[in-house]
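Data first, discussion second: the structure below is written as structure tokens.
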2 protein chains.
Amino acid sequence: MNSARIDLRAIIKQEGLRYTTQREAVWRELQSSDNHRDAESIYFTLRGRSINISRATVYRTIEILVKYNLVRKLDLGDGRSRFECKLGSGHHDHLICTKCGRIDEFVNDDVEELQKSIAAENNYVLSNHIHQLFGLCENCQNEEDK
Amino acid sequence: MNSARIDLRAIIKQEGLRYTTQREAVWRELQSSDNHRDAESIYFTLRGRSINISRATVYRTIEILVKYNLVRKLDLGDGRSRFECKLGSGHHDHLICTKCGRIDEFVNDDVEELQKSIAAENNYVLSNHIHQLFGLCENCQNEEDK
DNA sequence: CTCCATAATGATAATGAATCTCATCTAATT
DNA sequence: AATTAGATGAGATTCATTATCATTATGGAG
Ligand SMILES: [Zn+2]
Ligand SMILES: [Zn+2]
Ligand SMILES: [Zn+2]
Ligand SMILES: [Zn+2]
């Protein structure tokens with residue numbers, strides 16, 4: 001339910017930080033809407049709801065959410081960071097349509113295992129990875145036929 | 001040997017473009033030095049060799065090299081693009097040390113096959129992918145023990 | 001070799017995402 | 001209500017990259 005909201009307040013408090021309307025708004029927005037949002041989009045959505053917030057605060061709040069592992073930061077290669085709420089979904093990677101920008105998610109345990117062995121072979125201790133597949137989604141393939 | 005240089009001249013000419021000293025210099029620099037160079041590094045190296053070139057021309061030349069598939073553009077997540085000459089090495093992906101910035105390369109055909117099946121399952125026609133593993137390299141792990 | 005059209009270059013301004021500054025505001029406790 | 005330190009907003013700043021445009025130089029024609 002809204003355990004998520006409670007989570008943020010608890011974390012915020014525990015760290016001696018303050019639970020502000022701006023922080024709550026960004027967190028709710030990231031939870032309730034589609035994932036893979038960029039900062040500008042969050043900023044405009046909240047402004048459109050008459051919530052008083054600045055770009056700087058959007059960025060600062062997201063930074064906190066990422067720090068406390070509630071939000072994942074994505075670099076999809078288009079110059080702006082995207083963010084997705086980590087509640088309610090496990091680790092996944094992304095398929096991105098180069099034509100329409102559609103983003104799909106995939107989970108593949110075999111690849112995850114191979115990543116571990118690649119790291120081991122190269123004497124790396126892994127912390128994270130980026131795995132993104134770019135191409136044409138089904139819709140955009142069909143439009144190519146015209 | 002220098003078939004590469006000939007390649008560029010041929011491509012340049014074929015497109016009705018002009019083979020300038022700046023374009024040759026950038027291409028030679030990318031061929032002769034370590035891979036994973038950023039534009040600024042190429043700019044300064046060439047200036048250091050008394051080659052007259054501007055940042056804009058470095059970027060413009062790299063754009064051409066990427067367009068004609070001689071150079072691959074990498075986004076390693078640190079805010080600046082890296083470039084690597086595609087001659088003399090097949091497709092590979094990267095391991096990146098988050099502490100010292102070291103970059104290693106890996107080739108894994110099993111992963112490449114899995115990428116194809118993931119794309120097929122999701123009805124995507126793949127064009128390319130980004131696969132980067134981040135962690136601590138061997139040296140940096142040892143320094144952690146201090 | 002010289003001329004010429006035009007592609008290419010360089011200096012600089014502009015862009016855009018993200019961060020920083022700092023005066024002002026406000027959450028949270030007393 | 002007063003207090004205080006953390007949080008905010010407006011605007012400046014940074015940094016990589018791109019755009020502008022006057023000047024330069026390539027490469028083909030003659
Ligand atoms: Zn599409
Ligand atoms: Zn996702
Ligand atoms: Zn290292
Ligand atoms: Zn490489």
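Not measured: the values here are computed from a predicted model. Order of the sequence lines sets the chain letters (A, B, ...), proteins ahead of strands, with each chain counted from 1.
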Problem set entry | Value in whole Å for how far the C1' atom of C/dT29 lies from OH of A/Y19 | 19 Å

Problem set entry | Donor-acceptor pair between A/R37 and A/S33 side chains, under 3.5 angstrom | yes

Problem set entry | Phosphate contact (C/dA11 OP1 or OP2) by B/S54 side-chain N/O below 4.0 Å | no

For this session: For B/R18, answer base if it contacts any base atom (sugar-phosphate contacts may also be present), sugar-phosphate if it contacts only those atoms, and nothing otherwise; contact means non-hydrogen atoms under 4.0 Å.
Result: base

Exercise. With no hydrogens and no angle check, do the side chains of A/H36 and A/E84 hold a donor and an acceptor under 3.5 Å apart?
Worked result: yes

Exercise. Taking atom types as modelled, is there a side-chain donor on A/R23 or A/T57 under 3.5 Å from an acceptor on the other?
Worked result: no

Problem set entry | Whole angstrom value for the distance that separates P of D/dA7 from CD of A/E63 | 12 Å

Exercise. Atom CZ of A/R80 to atom P of C/dT15: distance rounded to whole Å?
Worked result: 18 Å

For this session: Mind checking B/D38 for me? I need base, sugar-phosphate or nothing, with any heavy atom below 4.0 Å counting as a touch.
Result: nothing

Seminar exercise, completed: Sorted by position of nearest nucleotide on DNA chain D, 5' first, the leading residue of A/N52 and B/T21 is A/N52

Exercise. Between A/D78 (CG) and C/dT15 (P), how many Å, whole number?
Worked result: 20 Å

Problem set entry | Distance-only polar pair, side chains of B/Q132 and A/H131, donor-acceptor under 3.5 Å | no

For this session: Ignoring the backbone of B/A56, work out which of D/dT26, D/dA7, C/dA11 is nearest its side chain.
Result: C/dA11

Exercise. Looking only at side-chain N and O atoms, does B/Q22 come under 4.0 Å of OP1 or OP2 in D/dA25?
Worked result: no

Seminar exercise, completed: To the nearest angstrom, the CG-C1' distance between B/D75 and D/dT17 comes to 13 Å

Problem set entry | Atom-to-atom span, CZ of B/R82 to P of D/dT17 - whole angstrom | 10 Å

Exercise. Do A/R60 and D/dG9 have a side chain to base donor-acceptor pair shorter than 3.5 Å?
Worked result: yes

For this session: Would you please confirm or rule out a distance under 4.0 Å between OP1 or OP2 of C/dA18 and any side-chain N or O of A/Y59?
Result: yes

For this session: Please state how far atom CD in A/E24 lies from atom P in C/dA27, giving the value in whole angstrom units.
Result: 12 Å

Problem set entry | Minimum-distance nucleotide to A/L17 side chain [options: D/dT8, C/dG10, D/dG6] | D/dG6

Exercise. In whole angstrom, what separates B/R55's CZ from D/dT20's C1'?
Worked result: 18 Å

Exercise. If you measure only the distance, is there a donor-acceptor pair under 3.5 Å linking the side chains of A/Y68 and A/E15?
Worked result: yes

For this session: Would you indicate which nucleotide in C/dT19, D/dT17, C/dG10 comes nearest to any side-chain atom of B/S81?
Result: D/dT17

For this session: Answer with base, sugar-phosphate or nothing: what part of the nucleic acid does A/R23 contact at a heavy-atom distance below 4.0 Å?
Result: sugar-phosphate

For this session: Establish, with yes or no, whether the OP1 or OP2 oxygen of D/dA25 is under 4.0 angstrom from a side-chain nitrogen or oxygen of B/T20.
Result: no

Exercise. When the ring planes of A/H91 and A/H129 are compared, do they come out parallel, tilted or perpendicular, using 30° and 60° as the limits?
Worked result: perpendicular

Exercise. Is B/K13 near enough to D/dT26 that one of its side-chain N or O atoms lies under 4.0 angstrom from OP1 or OP2?
Worked result: no

